[in-house]
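Structure first, commentary second.
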Amino acid sequence: MFAIIKTGGKQYRAEAGVKLRVEKLEAEPGATVEFDALMLGGEQVVVGTPFVAGAKVVAEVVGHGKGKKVRVAKFKAKVHYRRNRGHRQPYTDIVVKEIRA
């Protein structure tokens, strides 16, 4: 059985025992978080409007981190304008424990 969850403006496919890297959550490592299920799949697919009634995805927070650095360069010709910036997107690693349907 799998479920589609939404967090941080993105949707993820969650299965029991699977590790996911989602947008940063305000939870300590070792804490349990719950997500509402947008869709449940398996033998029979159930689509929610917008969520499936009574369906939850329970996950445990493993840790936090930052992604690889993305270089952002600005350049304008003939005026000696050059700017460099870097960005590292924060993330949270979670492990899906169970899907309650």
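All residue numbers refer to positions in the sequence shown, counting from 1.
Rounded to the nearest 0.5 angstrom, Ile94 CD1 and Arg21 CZ are separated by 12.0 Å. Atoms NZ and OH, on Lys24 and Tyr91 in that order, are 12.0 Å from each other to the nearest 0.5 Å. Separation of atoms NE2 (His87) and NZ (Lys69) is listed at 11.0 Å; rounding is to 0.5 Å.
Atom CZ of Arg85 is surrounded by 12 or fewer heavy atoms from other residues, nucleotides or ligands within 6.0 Å.
One hydrophobic cluster holds both Val46 and Tyr12 under the rule that ILVMFWY side chains link at heavy-atom gaps under 4.5 Å. Both Val18 and Ile5 are members of a single hydrophobic cluster when ILVMFWY side chains are connected at heavy-atom separations under 4.5 Å. The hydrophobic clustering, which links ILVMFWY residues whose side-chain heavy atoms are closer than 4.5 Å, places Val45 and Ile4 together.
Of all heavy-atom pairs spanning Met1 and Ile99, the tightest one is O-CD1, 3.8 Å. Val57 and Ala3 get closest at one heavy-atom pair: CG2-CB, 3.8 Å.
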Throw together a table of side-chain donor-acceptor distances under 3.5 angstrom for residues 25-41, partners on residues two or more places apart or in other chains.
unit_1	atom_1	unit_2	atom_2	d
Glu34	OE2	Arg100	NH1	3.2
Asp36	OD1	Lys56	NZ	2.6

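Distance alone, capped at 3.5 Å, is enough to place a donor-acceptor pair between the Arg88 side chain and the Gly67 backbone.
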